[in-house]
Amino acid sequence: MSKYDVETIRHSAAHVMAAAVKQLFPNARFDIGPATENGFYYDFELDRSLAPEDLKSIEKAMKKLIGRKLPFERFELSRAEAEQMLRADNQVYKLERLADIPDGSVISFYRTGDFVDLCRGPHVDNTGAIGAVKLQSIAGSYFRGDESNPMLQRIYGTAFASEEELQAHLTLLEEAAKRDHRKLGKELDLFSFSENVGPGLVLWHPKGAFIRNTFETYWRDRHYQNGYELLYTPHIGRSVLWETSGHLDFYKESMYSAMEIDNSDYYVKPMNCPFQIEIYQSRLRSYRELPLRWAELGTVYRYEKSGVLHGLLRVRGFTQDDAHIICTPDQIEDEIVEVLRFSMSIWKEFGFTEIKPYLATRPAKAVGEPERWEKALAALEKAVKKAGLDCAVDEGGGAFYGPKIDLKVRDAIGREWQTTTIQFDFNLPERFDMTYIGEDGKKHRPYMVHRALFGSIERFFGILVEHYAGAFPLWLAPEQARILPITENQYQAALAMRDELRRKGLRVEIDGRQAGLGAKIKDARHDRLNYILVVGEREAADGTLAVRCRRDGELGAMSVEAVAERMLRDIADKK
RNA sequence: GCCGACUUAGCUCAGUUGGUAGAGCAGUUGACUUGUAAUCAGCAGGUCGCCGGUUCGAGUCCGGCAGUCGGCUCCA
């Protein structure tokens, strides 16, 4: 066990990396080099672009510095001295960082060999305490994260107290790469993209579409059971709708451009809410019909910047599992509690058990009366408590139109995904002048909550692929079992058994190829089959199947009846 | 959108200093009739992302565009 925490080791490693860069690029200008969740980075301005080979030489130089066990020597300077020193070296970014340090604070520097860095610390005593280091990638990054600033070059790396810990981390990264939904999507023939269709527009292949369909049916059933009504709304709408909603003012650059039809501009929808509001507005509403829970699998299109597209996780056309709850102020708390309960129960069915809520409060620029914000926030907080969850608060992180709760779920290999979002909206009810007639016979403004459990079907599908590593539970599997006749002589028997299983509602195929059993097994495993059912001479004779279950291994010979029973139980248990 | 890298057969990838493209798998045809992670042989498959330039000659060098990847920014 190292006496330093891993952040200190990583931040120290960032210094060492900067020192190495200084050796190789004497004119380098430095920004900052913090530790991150999984490693560290440092931002530089260099005379030329870094190439992957540079990482090797920088890493080599780092290892030399580490081997020399150089001390981290701390010293303090006055602001004037510090400025003078940084200016002499033309360290423009450091000078800006220096200016950020409030007057009266200590201005400390650390010296490691020839490299001196403005830094608050802390560090390890000497570079020898950095047990293991690896540089990982080169990236561009804006100075201070601001698009209008120059772009610096960032090197990412990671460091640990020991080589073993580093190797364990790299193994985890490999595991994540194996599960990458883009890779598995191709391997399992689930979905693709086409240049001819356009970036970020998903083509669902039969197997992927099957899983999605099964999931959507489940989604609809669960919503009906939980008091939602389902809607359909169009994909395009006239510009006046988007003027009223405010999208054309605030969001136009993220919308696909207008198409002109009969002298009107129509826009492809980036959101479903305005359409649902139009349904609300189709007649006078009474407090007696509230709360309304309206859900829709609504396909929207957003012109996302080209650089942000990422497999299914960030696309341009996607289907939101959207719902809007329209209710009276009195009902709001119960509604939020119910949404949270509903959401968590669904996450559990997919094997996500660790769920963390984040509460985002009022930002500086916001619409809606402060007392409504407070009431909404209180409702959110109470709901989280009632659900028995601890929640982190993201101060000022809400949307301008209302506070929200986001849920993050942890997947099978410990990664967190932001999924469910529950957002108050004080903007749209106002803009569309939504009202209901209250008990007092007067018009009142309802509360409106947007809620998406999965965010988008595409994104959720991508997360599921990675969570399950492509091995879907039986109820979602497009092909639930595959019968492998050992020779052609068992084909007729296999056919009869397949049909018997199919009659029980199971999705079963036969691998009737003229190939060895080993080859058929290999392919069935590659396709992540939940059940592999082998029929040889023995099985054909007594009407059984040799069962190999993905989860439990080889189970020996079972009657067709017993196989069906077992599979139906798995399906019911969502295994 | 910005920085950088990449793009060769359906897939995964080779391709020397510029001399006119190759493997494995998949496909297909035939043989084999097989007991739990690859039976053997034949055949077919490519405007080397697209457009332009340099050159006697470009997969290879240069420029533009598109797409993808790693990040940044963004995700009213």
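Numbered from 1 within each chain, the chains take letters A, B, ... in sequence-line order.
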With a 3.5 Å cut-off and sequence neighbours excluded, list the donor-acceptor pairs that the side chains of residues 446-465 of chain A form with protein atoms.
| unit_1 | atom_1 | unit_2 | atom_2 | d |
| --- | --- | --- | --- | --- |
| A/His450 | ND1 | A/His324 | NE2 | 2.9 |
| A/His450 | NE2 | A/Asp425 | OD2 | 2.6 |
| A/Arg451 | NH1 | A/His223 | NE2 | 2.9 |
| A/Arg451 | NH1 | A/Tyr228 | OH | 3.3 |
| A/Arg451 | NH2 | A/His223 | NE2 | 3.1 |
| A/Arg451 | NH2 | A/Asp321 | O | 3.3 |
| A/Ser456 | OG | A/Glu458 | N | 3.4 |
| A/Ser456 | OG | A/Arg459 | N | 3.0 |
| A/Glu458 | OE1 | A/Thr319 | N | 2.9 |
| A/Glu458 | OE2 | A/Arg212 | NH1 | 3.4 |
| A/Arg459 | NH2 | A/Gln418 | O | 2.4 |

Residues passing the side chain to side chain donor-acceptor pair (under 3.5 Å) test with A/Asn196, sequence neighbours excluded, are none

May I have the distance from A/Arg513 (atom CZ) to B/G30 (atom P), rounded to whole angstrom? 17 Å

Within residues 486-494 of chain A, residues whose heavy atoms come under 4.0 Å of RNA chain B: A/Ile486, A/Thr487, A/Glu488

Could you tell me whether the side chain of A/Arg302 and the main chain of A/Pro270 form a donor-acceptor pair under 3.5 Å? yes

Table of protein N/O atoms under 3.5 Å from nucleotides 39-48 of chain B N/O atoms:
none

Quick one: list whatever passes side chain to side chain donor-acceptor pair (under 3.5 Å) with A/Tyr267, sequence neighbours left out. none

Which string of ( ) [ ] | and . matches RNA chain B, if you list each base 5' to 3' and count Watson-Crick or G-U pairs only when both distances are under 3.5 Å? (((((((..((((.....[..)))).(((((.......))))).....(((((..]....))))))))))))....

Residues at least two apart in sequence or cross-chain that pass side chain to side chain contact (heavy atoms under 4.5 Å, CB included) with A/Arg144, listed by chain then number, are A/Glu96, A/Arg97, A/Asp100, A/Asn149

Polar atoms only, N or O, under 3.5 Å: list the protein pairs with nucleotides 66-68 of chain B and their distances.
| unit_1 | atom_1 | unit_2 | atom_2 | d |
| --- | --- | --- | --- | --- |
| B/A66 | O2' | A/Glu195 | OE1 | 3.2 |

Per the atom types in the model, does the base of B/G1 pair as donor or acceptor with the side chain of A/Tyr142 at under 3.5 Å? yes

Short N/O separations, protein against nucleotides 3-5 of chain B, under 3.5 angstrom:
| unit_1 | atom_1 | unit_2 | atom_2 | d |
| --- | --- | --- | --- | --- |
| B/C3 | O2 | A/Gly140 | N | 3.2 |
| B/G4 | OP1 | A/Ser49 | OG | 3.4 |

Does a distance-only test, which skips hydrogens and angles, find a donor-acceptor pair under 3.5 Å between the side chain of A/Arg314 and the base of B/C74? yes

What is the distance, to the nearest angstrom, from the NE2 atom on A/His247 to the P atom on B/A76? 10 Å

Using side chain to side chain donor-acceptor pair (under 3.5 Å) as the criterion, list what pairs up with A/Ser192, not counting sequence neighbours. A/His205

Run the side-chain donor-acceptor check on residues 361-369 of chain A: report pairs under 3.5 Å with partners two or more places apart or on a different chain.
| unit_1 | atom_1 | unit_2 | atom_2 | d |
| --- | --- | --- | --- | --- |
| A/Thr361 | OG1 | A/Glu395 | OE2 | 3.0 |
| A/Thr361 | OG1 | A/Gly396 | N | 2.7 |

Can you classify the ring geometry of A/Phe44 versus A/Tyr42 as parallel (below 30°), tilted (30 to 60°) or perpendicular (above 60°)? parallel

Considering only nitrogen or oxygen atoms on both sides, find all protein atoms under 3.5 Å from nucleotides 9-16 of chain B and state each distance.
| unit_1 | atom_1 | unit_2 | atom_2 | d |
| --- | --- | --- | --- | --- |
| B/U12 | OP1 | A/Lys186 | NZ | 3.3 |

For A/Asp511 and B/U34, give me the distance from atom CG to atom P, rounded to whole Å. 17 Å

Aromatic ring pairing A/Tyr256/A/Tyr301, orientation class (parallel under 30°, perpendicular over 60°, tilted between): perpendicular

What contact category does A/Glu539 fall into here, base, sugar-phosphate, or nothing, at under 4.0 angstrom with non-hydrogen atoms? base

